[in-house]
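A, B, ... follow the sequence lines: proteins, then strands. Residue 1 opens every chain.
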There are 2 protein chains.
Amino acid sequence: MAGVTPKTVSRALNDAPHVSKAVRQKVKEAAAELDYHPNLAAQSLIARRSYLIGLTYERPSPSYVVDLQNGALGRLEDGRYRLVVLPFNHVASRPEELGRLLLRAGLDGILLAPPACDQPALLDMLERHNLPYGRITPHSELDRGIVVTMDEAAAGQDVAAHLLSLGHRRIGIILGDPSHAASLGRMEGYRRAFGDAGAPIDERLVVTGDFTYDVGYRAARELLAQSPRPTAILAQNDDMAAAAIAAARDLGLAVPGDLSVAGFDNSEVSRTAWPQLTTVNQPVRQMAWDAADRLIAALDGKSDVSGSQRRDHAHELLVRASTAPPAN
Amino acid sequence: MAGVTPKTVSRALNDAPHVSKAVRQKVKEAAAELDYHPNLAAQSLIARRSYLIGLTYERPSPSYVVDLQNGALGRLEDGRYRLVVLPFNHVASRPEELGRLLLRAGLDGILLAPPACDQPALLDMLERHNLPYGRITPHSELDRGIVVTMDEAAAGQDVAAHLLSLGHRRIGIILGDPSHAASLGRMEGYRRAFGDAGAPIDERLVVTGDFTYDVGYRAARELLAQSPRPTAILAQNDDMAAAAIAAARDLGLAVPGDLSVAGFDNSEVSRTAWPQLTTVNQPVRQMAWDAADRLIAALDGKSDVSGSQRRDHAHELLVRASTAPPAN
DNA sequence: CTATTTTATGTCAACGTTTACCGATTCTCG
DNA sequence: CGAGAATCGGTAAACGTTGACATAAAATAG
């Protein structure tokens, strides 16, 4: 920029005062012409922020990851902040390792999906280093940091109540990964619904999966091998529910004729499955958006991280074609 | 770090010479104790690199995105580089806008998935600003930048030949988004296979989708409404193939009894569908890994961006349960 | 035991911005 | 027309690290 100091360029581009309209105009035109952009490293150095937001998650289904990302990105859209993805497996067994990874990544803030959002050791580390965090659907220590939740137990209760109200009593249950607190919350809801219906839960019909299709398939086969066979399967996510449908079909059973199947999450697979899955909409996108929104508000000093930071999002039971009254 | 200059700390942590073992040890212990990490902005400023790699994609299926990400992240695992996700829709109509977004993001390099990898205007911009890029499955200007491809036409040929060899002749075809060059490449392969089998392509049985489930469903319904009905559907990705299965079922047709369906990509839905989809494995993960690997090699000066940068990855026809000989 | 090399530690400047401050010019109003 | 205010442009310093260079201390050779 001939004849203009860096300072003037800076002022012109940042719409700061003390620059004449003529110069500002000239500088902006030249910048656009050359596709000039201020060096972010230098800006970061002086502003003491990187304008990077991290997102950590653990081996979940693709559609969940994409919903998370899109939700967060929707809020970041203005391009001021950028989203860094940091998947990390087996947090439960090594929370400090994830902590070091996050601290080294030079982030301004971090969004924690389950199960990382429920690791007190990790939260401790982040706090010790003043790295603000947003927690998406945590299940413990709900007063720490920015918290976005849905009522997992109520959602579990709704879907279980749906099957019970259709008349099912022999209901198989496929749990998710026990290290995800969501698994416990949903089960709690199932118990309430069974209790309300005066129906006991048969513990032999409760098997543990890990939210993946393959393990879900094996679990479903195990349930369907019992006799008398369950008339319905309640899976703790849609991938495992889709696996249950496949297991039923492989045994020659019709869904929902011979077996009703309900999932959880309203993920893409719940719509691409046939029949489409009865499930519970977990508003992942909105929750991620909200968490990002409040995290950024905190970073920009528009809101404090402490205080009434919890926010609940509504779930919704989606009754689709995979559930029907039992045959007999 | 009492009694030690920043310079010494720097040398100690970077395993640079001119530091006594004792001091190095002491510094490293103190750093570990305090979870001290050098300021990345300052390092970036002096090194003139951000250690950020971007990944751009456009509204594809979740499992494709996740495969891309995981592939790239697998290569970045040492944590030296970080991955920034920058989804961007409708590149074809505004390539410069994406260019500006990428240039402003302060990246060291960028991985371009389709269709961004096929936008000459975008590549021009990136080159003008010396931003290295890796292109994942481009279909034009294959001599520009780092290129990772698979032979899309050969893959299309394989899957079409599979249906033809089963005896199908009335084969409906659901194309993907025409702005994705992959769509053309796959169709080219279909044509070759039909030509080899001496079977003409009935253009009334060719409909255009956009790689999404919903549009795929409508396209499939359109095909199945024709009479005589096609005995097989060749969809250009798995989501649309899953939609074709659903459309068939909704019409009371059995798959593969009354209708064979083949997809493309070997995405998660091809395994969670029932019956599991015959498809072509597109080694997205490996390609993303490879692209990231070579991009980083270029950034580290270990390899030049120019030169024999193209690399082909092998596809593989996966015959599963959704295809069988026609009924009549 | 001195001369020379090797090793260890420290100082200065630079990376590209922005904040804080200062002087010069132009404008406003009495 | 002159005093004060507002506006415009510029300079110095700082952000935290590292490369280049200088100096001091220790090791080695003759």
Looking only at side-chain N and O atoms, does A/T8 come under 4.0 Å of OP1 or OP2 in D/dG10? yes

Residue pairs, two or more places apart or on separate chains, that pass ring pair (Phe, Tyr, Trp, His ring centres under 6.0 Å) and touch residues 108-132 of chain A: none

Among residues at least two apart in sequence or on other chains, which ones pass salt bridge (charged side-chain N to carboxylate O under 4.0 Å, His left out) with B/D290? B/R294, B/R311

Does the pair A/R144/A/E141 count as a salt bridge with the N-to-O cut at 4.0 Å? yes

Polar-atom pairs under 3.5 Å, protein N or O versus N or O of nucleotides 16-20 of chain D: list them with distances, or write none.
{"from": "D/dT17", "atom 1": "OP1", "to": "B/Y36", "atom 2": "OH", "distance (Å)": "2.6"}
{"from": "D/dT17", "atom 1": "OP1", "to": "B/N39", "atom 2": "N", "distance (Å)": "2.8"}
{"from": "D/dT17", "atom 1": "OP2", "to": "B/Y36", "atom 2": "OH", "distance (Å)": "3.4"}
{"from": "D/dT18", "atom 1": "OP1", "to": "B/N14", "atom 2": "ND2", "distance (Å)": "3.0"}
{"from": "D/dT18", "atom 1": "OP1", "to": "B/Q43", "atom 2": "NE2", "distance (Å)": "2.9"}
{"from": "D/dT18", "atom 1": "OP2", "to": "B/S10", "atom 2": "OG", "distance (Å)": "2.2"}
{"from": "D/dT18", "atom 1": "O5'", "to": "B/S10", "atom 2": "OG", "distance (Å)": "3.4"}
{"from": "D/dG19", "atom 1": "N7", "to": "B/K7", "atom 2": "NZ", "distance (Å)": "2.9"}

Contact check, side chains of B/V84 and A/L83, non-hydrogen atoms, under 4.5 Å: no

Taking every non-hydrogen atom, the tightest pair across B/D108 and B/L299: O-CD2, 3.2 Å

